[in-house]
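These numbers come from the heavy atoms of this one structure, side chains and all, not from hydrogens, waters or symmetry mates. Below, read A as the first sequence line, B as the second, and so on, with proteins coming before strands; counting in each chain starts at 1.
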Amino acid sequence: MSKTFYVTTPIYYVNDAPHIGHAYTTIAADVLARWHRQRGESVWFLTGTDEHGQKVLRSAQAGGSSPQEWADRLVAEAWQPTWRDLDISNDDFIRTTEERHTRRVQTFLQRLYDKGEIYEGVYEGPYCVACEEFKLPGELIEGEGRDAGQRLCPVHRRPVEQVSETNYFFRLSKYADQLLEHYAAHPEAVEPESARNEVVQFIRQGLQDLSISRSSFDWGVKVPWDDRQVVYVWFDALLNYITAVGYDASEPELREKFESTWPADVHLIGKDILRFHAVIWPAMLMAAGLPLPRKVFAHGWLLVSGEKMSKTRLTGIAPAQLTGYFGSDAFRYYILRAFPFGQDGSFSWEEMTARYTAELANGLGNLASRLTAMTERYRGGVIPSPGEPTEAEQRLGELAARVTTNADAAMEKLDFYGALAAIWELVVALNGYLTEQQPWQVAKRDDAASQQRLDAILYAAAEGLRVLAILLHPFMPRTCTTLWASVGGPEALGPLAAQPLAEAARWGRLPVGARVVKGEPLFPRLPDESPATGA
RNA sequence: GGCGGAGUAGCUCAGCCUGGUAGAGCAAGCGGCUCAUAAUCGCUGUGUCACGGGUUCAAAUCCCGUCUCCGCUACCA
């Protein structure tokens with residue numbers, strides 16, 4: 001059985017509703033999954049929600065509901081609708097409160113405990129009595145005046161106490177050398193390079209064992225041998241990548257699923273959760289004797305006005321604010337086209353508007369309108385014979401092939417930006433081709449040679465659009481389905497999703513006689529005034 | 001404080017490793033075209049390459065220093 005291409009997003013914390021940062025990761029994962037499906041590979045694309053932990057408990061209490069009700073509502077009313085709106089094609093959606101997950105988390109934990117990878121110890125740290133919780137050393141603030149020399153809780157502005165609690169610890173420290181060896185042998189396992197350097201540097205400093213249970217609250221997976229404690233939420237959350245695909249399943253189909261799916265080919269994450277994925281997670285897998293993920297890719301952040309998005313600064317943008325105005329496909333296109341994937345990108349409404357108009361409406365959309373209008377007008381909406389290709393048509397065919405190869409190579413590197421740049425060469429070339437060949441002039445001449453020439457031009461342009469529909473389908477599924485239909489693809493060649501990338505650029509696949517229809521513009525012109533928004 | 005990244009055209013950025021007339025896209029201006037969503041195609045300009053030194057025949061590119069911005073510096077997710 002061949003290995004399934006397995007791509008994941010983080011499971012998102014249901015403390016809050018999704019913003020465009022979550023959408024960025026998820027859209028990238030979706031495009032990657034669709035690209036590999038279009039290659040003809042078996043693909044498994046997983047996303048989901050992380051629902052345990054103190055913050056969810058607190059949010060639920062503040063909202064006057066139980067944590068389970070809180071999570072249920074956010075998942076049903078915020079997260080899943082957002083992914084539906086964005087045409088996210090995940091194959092599964094794991095929630096950490098599902099029994100299939102919690103049961104397997106317990107099994108995993110018990111195995112590590114039995115192997116001596118987990119021991120009972122004492123966690124000591126700064127604790128705020130008012131918050132009733134442990135604080136991170138880094139979030140404390142220096143006291144002034146009366147509290148000079150002391151460190152204060154950032155919420156209550158009062159000194160923290162050193163408090164200790166009995167917890168269970170995972171022997172993370174013993175895996176430092178193995179992790180370093182692994183990354184030396186597999187540099188591709190953490191990308192981009194800057195992220196890998198940070199991880200390696202961090203591990204070199206030495207690792208401490210990790211406290212993986214909590215006893216101060218109970219919203220979590222119970223530690224199987226000690227029900228006074230619940231599992232630390234990250235330890236619980238990371239395991240979703242294996243529990244969702246059948247780790248420790250007894251059913252034969254699920255065992256087979258796990259064997260053919262794990263290890264993950266790509267864990268896509270934001271760079272803020274790099275350490276959990278590139279240090280703790282692989283160490284957990286080493287301890288359990290399971291294979292490590294092939295790649296963790298930490299992408300940059302979408303910044304708004306140069307700052308990380310934040311609710312408190314009112315810079316958090318809900319995806320619906322953008323999709324409602326630009327459409328889901330335009331949003332998917334923009335965030336992958338505007339910024340190299342590994343780097344931070346500065347989101348701006350103005351830039352998105354400019355790209356929408358220049359690249360989608362005037363570029364791709366208008367190109368489709370030109371071809372379909374002329375085919376309807378001059379040939380009654382029927383794809384004519386390709387006739388004798390001249391050098392211009394040959395160049396188009398060669399470009400289509402080269403662009404396909406380049407885009408595929410870029411996608412192999414998770415370079416969505418480069419892939420779109422490559423594909424856009426074909427959009428630009430086709431607009432130039434039509435302008436140079438002037439089919440509207442050729443159409444005015446009645447002689448047979450001119451009419452055959454017109455056929456050839458229209459055919460070549462239609463071929464170009466056929467290739468574009470296939471190459472862009474993973475990025476803009478909705479629009480490309482429309483485009484595919486408008487060049488007669490469905491009847492002539494079958495469903496768009498079934499068009500293999502390897503065949504996409506083979507020139508001349510569109511059969512003579514396919515029905516071309518000029519429909520509504522692919523990307524309608526934006527209204528003059530944009531909706532009021534903080535962006 | 002330590003480690004790492006960045007500072008190049010109005011905007012977003014490439015170039016820097018492997019020194020040798022400073023580039024792309026967008027925006028702007030001019031021209032062509034009229035099939036198309038007032039769309040498209042061609043042409044044009046623009047720069048103390050953060051600052052100060054140094055190496056060199058020659059530095060955006062190498063070296064030293066300074067300034068500014070950002071990230072990482074472990075158990076919130």
Determine whether the side chains of A:T479 and A:Y333 contain a donor N or O and an acceptor N or O closer than 3.5 Å. no
Base paired to B:C17 (Watson-Crick or G-U; both N/O distances under 3.5 angstrom): none
Using the P atoms only, state how far B:C57 lies from B:C43, rounded to an integer number of Å. 41 Å
Which nucleotide sits closest to the side chain of A:Q208: B:C75, B:C3, B:C72? B:C75
With ring-ring contact (aromatic ring centres under 6.0 Å, His included) as the test, pick out the partner of A:F326 among A:F331, A:F523, A:W349. A:W349
Write down the partner of B:U48 under the Watson-Crick or G-U wobble criteria, each distance required to be under 3.5 Å. none
Respond yes when some side-chain nitrogen or oxygen of A:R58 is under 4.0 Å from OP1 or OP2 of B:C76, and no when none is. no
Nucleotide B:C76, atom C1' - distance to OH of A:Y12 in whole Å: 18 Å
Between B:A39 and B:U73 - P atom distance, rounded Å: 48 Å
Looking only at B:C26, B:A36, B:A74, the nucleotide nearest the A:A354 side chain is B:C26
Any base atoms under 4.0 Å from A:G270, or only sugar-phosphate, or nothing? Heavy atoms, all strands. nothing
Atom CD of A:E351 and atom C1' of B:A27: how far apart are they, to the nearest Å? 12 Å
Without decimals, in angstroms, what is the distance between A:E359 CD and B:U12 P? 16 Å
In this structure, how many angstroms lie between the P atom of B:U12 and the OH atom of A:Y356, rounded? 24 Å
Using a 3.5 Å distance criterion without hydrogens, assess whether the side chain of A:S213 forms a donor-acceptor pair with backbone atoms of A:Y168. yes
Under 4.0 angstrom, heavy atoms only, what part of the nucleic acid is A:N197 near: base, sugar-phosphate, or nothing? nothing
Rounded P spacing from B:A36 to B:U40 in Å: 14 Å
Grab the CZ-P distance between A:F217 and B:C76 for me, whole Å please. 10 Å
Using Watson-Crick or G-U wobble geometry with both distances below 3.5 Å, tell me the partner of B:A6, or none. B:U68
Need one value for A:F202: base, sugar-phosphate or nothing, where a base atom within 4.0 Å counts as base even if backbone is also close, heavy atoms only. base
How far, in whole Å, is B:U8 from B:U48 if one measures between their C1' atoms? 12 Å
The Watson-Crick or G-U wobble partner of B:C30, with both key distances under 3.5 Å, is B:G42
Please report the distance separating the P of B:A60 from the corresponding atom of B:A50, rounded so that it comes out in whole Å. 10 Å
Would you say A:N15 places a side-chain N or O within less than 4.0 Å of OP1 or OP2 belonging to B:C76? no
For every nucleotide of nucleotides 30-35 of chain B, 5' to 3': is a protein heavy atom under 4.0 Å from its base (B), only from its sugar-phosphate (S), or from neither (-)? --BSSB
The residue, A:Y433 or A:D209, whose nearest nucleotide of RNA chain B is more 5′ is A:Y433
Give A:L522 one of three labels, base, sugar-phosphate or nothing, depending on what nucleic acid heavy atoms sit under 4.0 Å from its own. base
Is the distance from the ring center of A:Y334 to that of A:F339 below 6.0 Å? yes
Using a cut-off of 6.0 Å, state whether more than 12 heavy atoms not belonging to A:Q205 lie near its atom CD. yes
Can you check the distance between B:C3 and B:U66, where both ends of the measurement are the P atom (answer in whole Å)? 13 Å
Hey, are A:Y232 and A:N167 close enough side-chain-wise for a donor-acceptor pair under 3.5 Å? no
Whole-Å P distance, B:C49 and B:A22: 11 Å
Among B:A36, B:U37, B:C72, find the nucleotide with the atom closest to the side chain of A:R275. B:C72
Need one value for A:G432: base, sugar-phosphate or nothing, where a base atom within 4.0 Å counts as base even if backbone is also close, heavy atoms only. sugar-phosphate
Now, which nucleotide makes the Watson-Crick or G-U wobble pair with B:C76, with each of the two distances under 3.5 Å? none
Which value, in whole Å, describes the distance between the P atoms of nucleotides B:U44 and B:C26? 15 Å
Validation: residues 377-384 of chain A side-chain donor-acceptor distances under 3.5 Å, sequence neighbours left out:
residue: A:R379; atom: NE; partner: A:D455; partner atom: OD1; Å: 2.5
residue: A:R379; atom: NH1; partner: A:Q451; partner atom: OE1; Å: 3.4
residue: A:R379; atom: NH2; partner: A:Q451; partner atom: O; Å: 3.1
residue: A:R379; atom: NH2; partner: A:Q451; partner atom: OE1; Å: 2.8
residue: A:R379; atom: NH2; partner: A:D455; partner atom: OD1; Å: 3.0

If we call it a pair only when both distances are under 3.5 Å in a Watson-Crick or G-U wobble match, what pairs with B:U56? none
Taking any heavy-atom pair under 4.0 Å as a contact, classify A:F523: base, sugar-phosphate, or nothing. base
Which whole-number value in Å describes the distance from A:F276 CZ to B:C72 P? 12 Å
Give the nucleotide from the list B:G71, B:A74, B:C75 with an atom nearest to the side chain of A:K271. B:G71
A:Y183 side chain vs A:A278 backbone, donor-acceptor pair below 3.5 Å: yes
Using the rule given for side-chain contact (heavy atoms from CB on, under 4.5 Å), can you reason through A:L268 versus A:F341, listing the C-alpha separation, both sets of side-chain angles and the distance that settles it, and then say yes or no? CA-CA 11 Å; A:L268 278 183; A:F341 193 53; 3.7 Å; yes
